[in-house]
Every structure is written in structure tokens, then in C-alpha cells.
Amino acid sequence: MAKPKVGTYGLTGCAGDQLVIINCEDELLEIAGALDIKSFSMAASGGDEDCPLDIVFVEGTVVQPEDERVLRWLRERAELLVAIGTCAVWGGLPAMKNEMRPEELRMSVYGPEGNTFQCVSPRPLSSFVKVDLAIPGCPVEKEQLLQGVASLLHGDLPQLPTYAVCTDCKMAEYPCLLVEQGWLCLGPITEAGCKARCPGYGRPCIGCRGPVQDANIASEVQVLQEKGFTWLDIQNRLWTFAAPAESLKIDFLKEGANA
Amino acid sequence: MCDHQSHATHNNPYLPHPARIIRTLPQIQDHQLFQIRFEDEDMARGFAYRPGQFVMLSVIGTGEAPFSISSAPTHPGVIELCVRRIGHVTKALFALPPNALVGIRGPYGNGFPVERLQQNNLLLVAGGLGMAPLRSLLWYALDNRSKFKDVILMYGGRNPDEMLFKYELLNLIDRTDVQCLLTVDRDDSGIWKAHKGVVTMLFDHVELDPNSTYAAVCGPDVMFRFVLNELLERGFSKDRMLMSLERNMQCGVGKCGHCMIGYKYTCLDGPIFTYWDAINLQEMI
Amino acid sequence: MKMVILPKESLPEFIGHLCPFGELHVPVKVSEKSYAFGRVNDLSDIELNYTRTILPLKKYVFKPVDVMFNFCAATGYETTVEETDAKRVIFGVHPCDIHGLKILDLVFGGKYVDGYYSARRNKAAIVGMDCIPDEFCFCRSTGTDFVDTGFDLFLSDIGASYLVRVGTSLGDDMIRAADSLLREVQEQDRQAYKRRSTQRRESFQTEVQLQELPEIMDLEYDSEVWRRVGDKCLSCGTCSMVCPTCYCYAVFDELDLAGGSGRRQRRWDSCLFKDYALVAGGHNFRPDRDSRIKNRYFHKQRGFVSQHGRPSCVGCGRCKVYCLVGIDIVEVIKELRSEIRV
């Protein structure tokens, strides 16, 4: 069987997810052996930028019109499009100020000189093109990425966790930082897969993997308010990584809180 | 509490046995009948099961899922699974090459209480993929014909192109030892010679003695409700109405919890339940 | 039952004598308010003054994530080499957790024996220890505040000493190994044990009536309580993970990059997760949180009674302590019984 032709591309982002691939030191040879890597912008220049691809891994967010053009071009070239990293899956950090108009935001950051470039409200890849597989994480977890590749090679899509970080946190028997310390922890509403790394180091979950399916945001917000956090504290934390997520559009909660 | 014995490798109920897909018979759109034979000859010949039981089938590298057995234990050597391409495992199953190696474990579940059904009339009512488990009971009854009184099959599909086992069942219409009533909701092609209309309409064509008949019903939710009502109106006892239920079964042996309904495990106490069981457990239907 | 007396000052030495019987696991403090069973280098790190650990003993016998067997495209499915889990002595186990194990024994035993569970279970020696309940404990109500089986040794604090009950032949071997530290039960010990019994009984702050609860749950099947609790529930899975008798698991295959080979694994699951009752094709039998949390209560308090003659709740209080939104099983039951209204 021919090796699948694969490309790895980054839109606007930190390239941290591509770095995870490069950091798969023990598995790199195996990956290279199993895939026909046509293009990997971070690892090598001079890739084949025209050939059809079986799988394309895309990290980063659409922030500029150029990103959208590249994304649509990749979608057309590839059989399967895999969004890697929270920026690609949920909008990530670039989207945290999405409640401001892009022009207003650009002005506040760059001043009038910012007019030299165009920007749009950052949104996840899935709001522009069909995404076949979304592997969140800031950055993605190496194990999930490798599992994803293994499943795709096998002709399947991997079964990613559909439960919250709390589950992994308790499986690892970490003390609950929200119950015990009263800290602002997003573990209950954040998709698992990181083995509760931050709570394992005694730090609360900041939601970098985006909301879990069926997240009960209203109840999470209520309990955080009962712990004494202000609406601003909660909103800032909720919107750090996945502001465009439908479940985090919580204006109705805010209105309730302000009432 | 230390009798240092490990059961992990002996009689491991979770370990699938190697088996081969020896033939696939396309049925209708996205439905195939898979003929499967265990690699081990003793297992292939000795695999005993009851109509209505299910097996767990593993596609290597993809996962495992439950399937009711469509063949009858009276035809040993090969088991047949009628599968609809609908999920992760079935998608991979349909993509396997000929003679592919798969894993099978089972049989699981209670199956139809065939001893209790004997010396009675048997009414089988199926809709859609509900024919899959009922086909096992149908052939079991026809192969043990003298043990049953009248055998009646009612099977409804949306149109002639969506009838499972169509030719096999059409061939039964001529048989004098079974009353085979097939119906389709609509027939645009105009070639369908059997009945037209919903499956409950077929009740007008049969005489049923509720006191000496067991009804086995399997099909989509809507059909269930209409058929069960029909049977109740005809005076059937709720204990004489049997149904096969579907749940998320991951272990098949009453451990993993997913198929729990109230206080019954579908995989151990079912998948065949009486209508009484069903109304006694709020969540069941 | 054979009983002996262990003076408290001899406890460290006694524990030392248990080490040849297996890897010692004891309660240790893992944060300001939390405890866990684990290994210690120094016996002084044992924290006997604990009420509950985050995870119950199920973590030893039913691992959070466990490899069941390997598979490869050419040969199919093969069990991994013989399980090599060490023998363990788990020291300082409270009665509720021993009952938790006994309930898991019912589930993982039966017609189909779960070998992964039983292999580890058979290698775990249990040294129990009594305790004084806190405000979250309701094991007296569930009948799990006392054990008469399910342990090799059981220590009850009777002041200056422990009264040691010997539950098994292995427990007797342990006692014999520490023979020099032990003495016979005397009159003052008998009196002290009875005083301890009274003290424990009088310490309970939480009580819940479980009689006729299965019928009441049937009557209250459509109760508002479920909607209210469902609105609060985060479906985060915490209560299931920390529950001594939640045994649900999900099965998944993990593939090697090389293709075709990999491992079948299982992982603790929770009936509160949205896709728990999802079947292929997309039908979900419990799509709403209220129906899922109701199912959890029904299974523990109603279904298990029908199956095994007793509820599967052991009154350890973990689900209440660790619930982030404060869902309180005792309160839910009292509401169902209309003893309180919220």
C-alpha cells in the first residue's frame, strides 16, 4: 500500500503544535516511515506545494484573509483535514478578544500603523471548512497526535475523550483544587486528554483544551461565583482559549449575573 | 484472601476468538450478511447458541461491537450476522478484504426462551433490521417444525428494495408449513406481489389464539408500539409478547454497565425481554 | 473470631512485620485536606488519622486504565504475559471501603469472572482499621460501618491499644509473625471495645433512611428533584471516579503506528457522561443530564437492591465531599422522601 501523502501547515499561531510533532523523538523515524511527508513548513523548506494530499494537519487560527485563502486551498488539496491545537479547533488565544471589533482591537494594539495589514475576527477552522478530525490542546498532546495518526493510517478516526479533565484528575487521585483550595479551575468543563497535567502540578485547569461536549457552563459559573470570583475573572478565564465556542457564548449568564 | 491464582489468561471472557469472514452477502443499501467461521474447528462446529443471542465482534485495530446472530443454531459451522453500516466498527467491518481475520466472543444474552415457546403457535413480527434476530428464531422453528404449532412471520419494509433476506423470505410464501406475510409501505416499481401497507395491517390476514401463541416482535420504535397495541387488543398476555432490545454493550458479560436498564443488564438479562419486563422498567421502551 | 491485643506503641514494629506479606500500602496525606493510599519510605509518614482517601481501594483491583490484551493483524487477539502485579498489604482500610470491595466482588465475579480484577484482588491483603465518622459519613445508615468479613486483620482503636480481629488464615500468619508484640484480650480491653463502639455510634452526624427507598424511588420517578440536580450536575465524572462501587468502564483500542497491532484497554467510565448510553447510529437513551443522574441514583439505590439484595452505596461520603457543585446524596434521598424541601 502506498504511504499516505501528508502535509503539515500553520496558519496564524505559535507553531507549538508542529513543534510537538518534531518533539516526537522516539517515534519520528516511525512516523517518517509510515507517511510520505510532502510538506512540513516548520521542519523543512522546499516542500511540494501542489500535489494532492491524503492528510493535512493544520495548526493555528484564521486571523487574516490570507489564512482563510490558505485554509481553503489546503481543504481542496487534502482528502482529510486534521485541525491540531486549540487555535485551530476553537480559535485559541487570538480569539480571546473577539467581543471587540477587529479594527478597534488592531488600533488599540498597533495604533494607526496597524492599518497596513488586514485582520478578521479569529475563528476556528471548522467555521470555514469541513474539519475531519479535531485534536485540541495548547499544544496538542503527543500521545493523542500519535494515536490520531495511527488511526488515520488504519482508515479510522481516533476516539478522543469526550469527558472532562476532572475525570482524569480524579483517576490520577489529585486533590481537587476547586473544592479544597477554592481556586478558579475549569477542569469540570474542559475536554480531557492531558491527564490533568496542571492539577497534577498543583495548578488549576485554565481550559486550554477547550470545552468538553455537553459542558454545563451555567453550573460552573455559578459555583465559581459562589467561591467569590467576579464575573470578569470568570469571563477572562472562560474566553482565554475557546471564546468562539458556542457553549461559551454566555451573555445570558452575564445578564443574569449583573441583574 | 490470597489464593495466588491469576485468571487473566485462563477463560478470559473478554478475549475474542479468531474467526474468518468467509462470505459477505450484500442485502440492501448499507446492509450485509456476514458469514463467519471460527478458525478453531472445534469451536466452529461446537459453537452453541440460542436464537436471539448476540456475539461481540472485533475488527482488529478498530474496536468491538455487539451483533445479534441471524443464523439458526440448527445450521452449525458458520454464524451469520446481518449488519448495518452505521458506526465506527461496522464501517471498518464493511471495508475488510475477503477472508479477513476478525475476533468473535459469545454467545451472550438470554436469547429467546425456545423451550417455553415449543408446543405453541409462533408469531414473528419484524420491521427493518429487526428481521436480523428473528431470522434465527424463524429457521430454528422451521428446522424443528414438529415442536411448534402454527408459525407465522409478518415482516414489513419501506419498499421492496429495503427488505432484508427478500428472496429467502419470498421463497417461504409457497411453503405450507409457515404463513409468511410480507408487506411494503410503498412500491413505486409496481413489481411487488405481496402485501402493501403497514405491518399491523397483516393482522387482518391471520387467526391468532392469544392463549396458545407467543409473539416475538423486533423492529423500529414506532412499529413496536403499534404491534404491541395490536397484540394487547387481541388479548395477548404481556408475558407472551417478546422483544429484542438494543443498548450500548461494551463487555457483553454484565460488568461495564453501559447496557443497564433500571436493574436489568441488557447483555445478561436480555436482550430478549417480555412486554411485562419492558413496562416494569420505566426506561426500557 | 480470633482476637488479640496490639499495644499502640508497638504499631510501627507490627507494620514492619507485615512487609514480608507484600508491598505495603498505607494512607498518606497528599494535601492539606486530602489523603490517598500509597507507598511510604518512612513509616512515620503513615497517616492513620484520616477519614477518607480521594480514591477508594478499587484503584488497586480495577485500575483506572488497564491493558486487557494485545492484538495484531496477523494473529488476532492475545492476552499479555501473566499479570505480574505484586502482592500487596493494604493497611488502615476503613469498613466502608472493605464493603466497597465486597460489592465489587459481586460485580466482577458471578457467571463471568473478570480475571483482571480477581488476580489483583487475590493478591491484596486487607488490614482494616476502625474510624470515627465525620459530618459526611453515613455508613451507619447503609449498614457498612462494621465489617465481619472481607479483611485479613482488622484493628479497632481501644485507647492505649488496638483490638485486632483475625479474619483469615493469612491474617493468622501475620499475627504469628508479630507474636511477640501481641497479648491476649483482657477484661479492660473488652470494656474499652464496648466504649469505643458507643463512641463511634454517637459520633454519627448524618443519617438517612434507606428502607423502602427502592419503592419511593419508583414513586418519585418523575420528581422535580431530578431536574434540579440535573441542572446543577457538571457531568464531570468526579463522583463516579471516587465512588468505591462505581465500576463502569469503557473499552477502547489503542493502535501502534506500525499499523494493525495495538492494545485493547479499558478505562473507568461514568454513567453521567453524555455518550454513555449512546448506540451506533446516534440514538442516545439518556441524552439529558437529569436522566443520567437519575440513572446513577437508581442503579445504586434501586437496581442493585433488586440484583444483589442491598444498595451499592457504602455511605463513605466521597461523592458529596468531592462534588464541585455540592450535590449531596443524603439531601437528594431526603428530598425524595419529602423529609426536606430545597
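Note that this is a predicted model, so its numbers are computed, not measured. Just so it is clear: chains get the letters A, B, ... in the order the sequence lines come, proteins before strands, and each one is counted from 1.
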Given the rule in the side-chain contact (heavy atoms from CB on, under 4.5 Å) test, do A:D214 and C:R289 qualify, once you have shown the distances and angles that lead to the verdict?
CA-CA 9 Å; A:D214 202 37; C:R289 273 190 291 270; 3.7 Å; yes
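- Put simply, CG on C:L257 and CG on A:L28 are 10.5 Å apart, with the number rounded to the nearest 0.5 Å.
- Within a 6.0 Å sphere centred on CZ of C:R267, other residues, nucleotides and ligands contribute more than 12 heavy atoms.
- In this view, C:D231 and C:R227 satisfy the salt bridge (Lys or Arg N to Asp or Glu O under 4.0 Å) rule, not counting sequence neighbours.
- To the nearest 0.5 angstrom, A:L178 atom CG is 10.5 Å from C:C323 atom SG.
- Residues A:P188 and C:L324 approach most closely at CG-CD2, 3.7 Å, considering heavy atoms.
- At a 4.5 Å heavy-atom cutoff, C:Y276 makes no contact with chain A through either its backbone or its side chain.
- Residues C:V325 and A:Q222 fail the side-chain proximity criterion, which asks for heavy atoms closer than 4.5 Å.
- When heavy atoms are compared at a cutoff of 4.5 Å, C:F273 approaches chain A solely by way of its side chain, counted from C-beta outward.
- Heavy-atom contacts from other residues, nucleotides or ligands closer than 6.0 Å to NZ of C:K232 number more than 12.
- Taking chain A as the reference chain and counting heavy-atom pairs below 4.5 Å, the highest number among C:F252, C:Y35, C:Y322, C:W268 is found for C:W268.
- Here the closest heavy-atom approach between residue C:G230 and residue A:N216 is recorded as O-ND2, 4.1 Å.
- Within 6.0 Å of atom CG in C:N41, 12 or fewer heavy atoms from other residues, nucleotides or ligands are found, so the atom counts as exposed in its surroundings.
- If you measure heavy-atom distances from C:V65 to chain A, the contacts under 4.5 Å come from the side chain alone.
- Annotation: the span from A:E180 atom CD to C:I54 atom CD1 amounts to 7.0 Å, rounded to 0.5 Å.
- In A:E79, the CD atom is not crowded: 12 or fewer heavy atoms of neighbouring residues, nucleotides or ligands sit closer than 6.0 Å.
- For C:K320, the salt bridge (Lys or Arg N to Asp or Glu O under 4.0 Å) partners two or more places apart in sequence, or in a different chain, are C:D328.
- In terms of heavy atoms, C:L255 sits closest to A:S151 at CD1-CA, 3.9 Å.
- Residues of residues 156-176 of chain A having a heavy atom under 4.5 Å from any heavy atom of chain C, listed by number: A:T162, A:Y163, A:A164, A:C166, A:T167, A:K170, A:M171, A:E173, A:Y174, A:P175, A:C176.
- Residues from residues 132-147 of chain A that place a non-hydrogen atom less than 4.5 Å from a non-hydrogen atom of chain C comprise A:L146, A:Q147, given in numerical order.
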